[in-house]
Amino acid sequence: MSNSGRSFFADTSSLQWIVYLLLGSTTLVITVNSYDSGIAKTPLLVLSSSLLVATFLAESIRRGKMEFQRSSNDFPVLVFLLLILASVFYSKNQWTSVQALKIWIPFLGCFFAGTQLFPKRTDVDKLMRILALFASAVCIVGILQFFFADKLFLNFFIGEDRRVASTLTNATYLSGYIVLLFPVLLALTVNARARTWKRWSQAILLGGLAFVLFVTSTRTSIAAFLLSLILFAALSRRKPRQILIWGTVAIAVAASAVYLSPRLVERIEKSFSTDASSSFARRMYFWEAGYNAFKAAPFFGHGIGSYGEVMREFRSPDYWIVKSEDVVPHAHNELVETAVDLGGVGLVVYLTTIATALFVGFRSQVKEKEADRLMRVGLICSFLAILFDNLANISLRVAPVGAIAWLFLGILASQSSGNFAGSAMRLRLPKWSPLLPLAGWGVFAYWFASGELDVYRADGHMITAMMAAQSKKLPTAISEYQHAIALDPNNLLARSNLTLTLLMAGQDKEAMEAAQQLQGLSPTYPKSNLMQAAALVTLKRYAEALRSLEKELEQCSHPAAYLYQAAAYMGLGNSAAEKAALEHLLLADLKGHFEYELKFVSERLLQLVRTEEDVLRFREVYTQLSTEFPSNEVIFATLAKLGSRLTTSRGR
C-alpha cells in the first residue's frame, strides 16, 4: 500500500485505525472513582482487540477471501496460545486464569496485527507517528504533574467521594512505556531523510520522555534505557560525532532530572546498600517463591495467571521481615512468572517466539536501506530494553506496554523479512454476511461491558469504604464494602478489608464468617486465617482459633500470629503453651527488627515466669532485645525485674 499522492486518512485501513484506537485508549484513558486506571485499561484492550477481529472477518467476507501473511513466528505463537488456553483447565484458580486470558489473548492478537497490517515501511512510519502523538500527551502530563504536584500522580478529589486518576498513576508502568517507545522514536529522529522540523520536534519529545523517565526513579527502567542507547549506537552504525552528540544530550537530560529529583540519587544509593527491606530484598522472596513453585510443576506449570495464588504456598513465612507486600500478583520477573504459570515447556516456547522474531529482524536490517534499517534496529532495541526492564518489573504484563511490545514483535517477524509468502482462502457468502461478525461483536461488547461496569462500580464503593474507614465511620465502611462485594464477588481485597473492618467494629461473628468466605475463594489469602483467629478468640472458641493460627504461621511468621496464639492458650488455661507463644513472639521481633506489643507481652511474661530456668531464658532473650532496641525503656525495665528475681531466687 503506497502513500504517494494520497492523504494519511485515505491511506489508512479500517483495521489500522482500530489498532490506533486500541493503543490510544489504553494509553490515554482517565478513570473516575478509581485508584488506578488499570481497571479500565483491560476492558478497553479486550473490546478494541475483539473489534479488530470482527472487522477483519467482516472485510474478508465482503472481499470474498481471507488473506494472511505468514511469518516465522506463527507456529510458536500458536503453540503458546494453545498452552495458555489448556492451562486454564488445570489451574488452581480458574478465575485468575480467565483474568489473565483477558490480557494474553489481546497481546497475541497484537502480534498477529503486527504481521498482517504493517508489512511496509510506510505503514510502520504511520504507526510510529501515531505513537509519537500518544507519547507527547504522556510526556506533557508527566512534566505537568512533576512541576505542579512534585510527583507523577494526577490525584485529586471531586466532591467528597469521587477521585480521578490517570493512566500515569503507576510510575513503573510509565517508565516501562518510555523504555519501550524511546528507541523507535530515536530511529525516526536520526533518519536523515526526515524533514528538519520533524527531527527537531521528535528530539524535543525524546528529551521530555527521558526527563520523565528519570524522575520516575525506576532504577531497572533507567538501566534498560541506557542499555538500549548503547545497543542502538552499536547497531545503527552512526558516525562517532553523532554518537557523541546523543551521549551529551542524554547526559544533560539525566543531570537535569537528577538535580530536580534527588529521590533518584537516594534510590540508586539504596541499590548498593545492605538494607534488609530494600526492594531487591523483597523481590528475592518473590523469585524464591517462583523457583519453588516451578520445581513443584516443572513441565507445564500451575496455569496461566496463577503466580499470585501459588506463590503464597511456596513463599517463605519470613517474608514480612523485609516489609514485603502480603498480596503479590506478579513475580516482578517476566521469565520467573512465565515458568511458574506455564512450566519449562511454556518458557521455552515463549523465549523461542521472542528469539525468532528478533533474529528475523536483525538479519533483515543488514541488507535494508538506511531508514528501514534504523527502524528495525529501533524495534529490536525496544523489545530487548523492555524485556531487560521486566527482569525486575511487571510493565510487560499490562496495557498498553504489553500490547505495543507484542505489536513490535509482530512487525519484526512480518512478511517484509522475505521469508514467507501470503496465503488466501476463498469465501462465498451472502451479501449481508459481513454484518454477522460486527453484530456478534456488538452482543459480546454489551455482555462484557455490563460485567466490567459492575467491577467499576464496585471499585467506587471500595474507595468510599476506605475513606469512611479512615474517618472511623465503620458502619458506612462496612455497608460500602458489602455493596462492592455484591457487585464483584471475586474482589478479594474488598472481602479482606470487610473482615478487618468488622473486627474493628466488634462484630466478631460476622468477621469470622467473612474470613471463611474469603478463604473459600482463596484458601491462602494473606492474613485471612489471622483475622478469623482474632474473631474466634473474642468468641472464646479457642481450639478453632489455634487451628486457624497453625495455618497462618505456615504462611506468615509475623509476631501478631503468636500474640493471638498466646491469647488462645491463655483462654484454655495452658500457661506453658502461652509462655512458649510469647517467647516465639519475642524471637520473631528479634528476627524482624520489630517492636510488637512489647509492653503488654513483657507484663504478661512477668506474671508467667516462675522458675529460675524461665528467668534465665527470658533474661537472655531480653538482653538480645536490649542490644537490638537500645532506646526501648520497656525492655530495660523488664530486664531489671528479671535480674531482681534471679537475685532473690538465688538469695533464698
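- Not a single donor-acceptor pair under 3.5 Å links the side chain of Ser471 to the backbone N or O of Lys473.
- Here the closest heavy-atom approach between residue Gly303 and residue Ser306 is recorded as O-OG, 2.6 Å.
- Between the Glu544 side chain and the Arg541 main chain, no donor and acceptor come within less than 3.5 Å of each other.
- Using a 3.5 Å distance cut-off with no hydrogens or angles, the side chains of Ser395 and Asn390 do pair a donor with an acceptor.
- Within 6.0 Å of OH in Tyr564 there are 12 or fewer heavy atoms belonging to other residues, nucleotides or ligands.
- Counting all heavy atoms, side chain and backbone alike, Asp389 lies closest to Gly176 at OD2-CA, 3.7 Å.
- Under a 4.0 Å N-O distance rule, the pair Glu288/Arg283 does not qualify as a salt bridge.
- Ser91 contributes no side-chain N or O that, together with a main-chain N or O of Ser87, makes up a donor-acceptor pair within less than 3.5 Å.
- Using a 4.5 Å heavy-atom threshold, the side chains of Leu131 and Phe408 count as touching.
- Rounding to the nearest 0.5 Å places CG of Leu387 at 8.0 Å from CG of Leu351.
- Side chains of Asn393 and Thr172: a donor-acceptor N/O pair is absent below 3.5 angstrom, by distance only.
- Side chain of Ser496 to backbone of Leu493: no donor-acceptor contact under 3.5 angstrom is found.
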Side chain to side chain contact (heavy atoms under 4.5 Å, CB included) for Ile103 and Val398? Distances and angles first, verdict last. CA-CA 7 Å; Ile103 286 287; Val398 299; over 6 Å; no

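- Contact detail for Val349 and Pro76: the closest heavy-atom pair is CG1-O, 3.3 Å.
- Ile478 is listed as a side-chain neighbour of Gln507, based on a closest heavy-atom distance under 4.5 Å.
- Side-chain N/O atoms of Arg219 and Ser279 include a donor and acceptor closer than 3.5 Å.
- When atom types are taken as modelled, the side chain of His332 and the backbone of Leu391 share no donor-acceptor pair closer than 3.5 angstrom.
- Atom CD1 in Ile18 sits 11.5 Å away from atom OG in Ser25 (nearest 0.5 Å).
- For the pair Leu438 and Thr55, the minimum side-chain heavy-atom distance is below 4.5 Å.
- Looking only at atom types and distance, the side chain of Thr216 has no donor-acceptor partner in the side chain of Ser175 under 3.5 Å away.
- Atoms OH and CD, on Tyr525 and Gln519 in that order, are 12.0 Å from each other to the nearest 0.5 Å.
- Within the model, atoms CG of Leu47 and CZ of Phe448 stand 5.5 Å from one another, a figure rounded to the nearest 0.5 Å.
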Taking it one step at a time, do Val340 and His302 satisfy side chain to side chain contact (heavy atoms under 4.5 Å, CB included)? CA-CA 6 Å; Val340 172; His302 299 271; 4.0 Å; yes

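- Atom CD of Glu550 has 12 or fewer heavy atoms from other residues, nucleotides or ligands within 6.0 Å.
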When you look at Leu127 and Ile411, which way does the side chain to side chain contact (heavy atoms under 4.5 Å, CB included) test go after all the steps? CA-CA 11 Å; Leu127 171 65; Ile411 292 172; 3.6 Å; yes

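- Ring geometry for Tyr20 against Phe118 counts as tilted: the plane angle lies between 30° and 60°, on a 0 to 90° scale.
- The 12-atom threshold is not exceeded at OH of Tyr291, counting heavy atoms of other residues, nucleotides or ligands nearer than 6.0 Å.
- Counting heavy atoms from C-beta outward, Val328 and Arg315 have side chains that approach closer than 4.5 Å.
- Atom CZ in Arg547 sits 12.0 Å away from atom CG in Asn529 (nearest 0.5 Å).
- Between Thr27 and Val138 there is a side-chain heavy-atom pair separated by less than 4.5 Å.
- In this structure, Ser479 contributes its side chain and Pro475 its backbone to no donor-acceptor pair below 3.5 Å.
- The shortest side-chain heavy-atom distance between Tyr177 and Ile404 falls under the 4.5 Å cut-off.
- By the side-chain hydrogen bond (donor to acceptor under 3.5 Å, both in side chains) test, Tyr319 pairs with Asp326, sequence neighbours left out.
- Nearest heavy-atom pair across Ala289 and Tyr307 is CB-OH, 4.5 Å.
- Interatomic distance, Leu518 CG to Ser528 OG, rounded to the nearest 0.5 Å: 5.0 Å.
- Using bins of under 30°, 30° to 60° and over 60° for the plane-to-plane angle, the ring pair Trp406/Phe111 lands in the perpendicular bin.
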Step by step, work out the side chain to side chain contact (heavy atoms under 4.5 Å, CB included) result for Glu452 and Lys102. CA-CA 12 Å; Glu452 294 300 316; Lys102 291 180 182 179; 2.9 Å; yes

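- The aromatic rings of Trp104 and Phe80 stand perpendicular to each other, their planes meeting at an angle above 60°, with 30° marking the opposite boundary.
- Counting only heavy atoms from C-beta outward, the side chains of Thr115 and Asn73 never approach each other to under 4.5 Å.
- Inter-residue side-chain proximity for Leu487 and Tyr456 is flagged as unmet; no heavy-atom pair is nearer than 4.5 Å.
- With hydrogens and angles disregarded, a donor-acceptor distance shorter than 3.5 Å links the side chain of Tyr90 to the backbone of Phe300.
- When all heavy atoms are compared, the tightest approach of Ser50 to Trp441 is OG-NE1, 2.9 Å.
- When all heavy atoms are compared, the tightest approach of Ala58 to Pro437 is N-CG, 3.9 Å.
- Between the side chain of Glu552 and the main chain of Ala561, no donor-acceptor pair closer than 3.5 Å is present.
- Checked by atom type and distance alone, the side chain of Ser382 pairs as donor or acceptor with a backbone atom of Leu180 at under 3.5 Å.
- Of the possible donor and acceptor atoms, one in the side chain of His558 sits under 3.5 Å from a partner among the backbone N and O of Ala560.
- With sequence neighbours left out, Asp341 forms a salt bridge (charged side-chain N to carboxylate O under 4.0 Å, His left out) with Arg397.
- A donor-acceptor pair shorter than 3.5 Å cannot be found between the side chains of Thr524 and Gln555.
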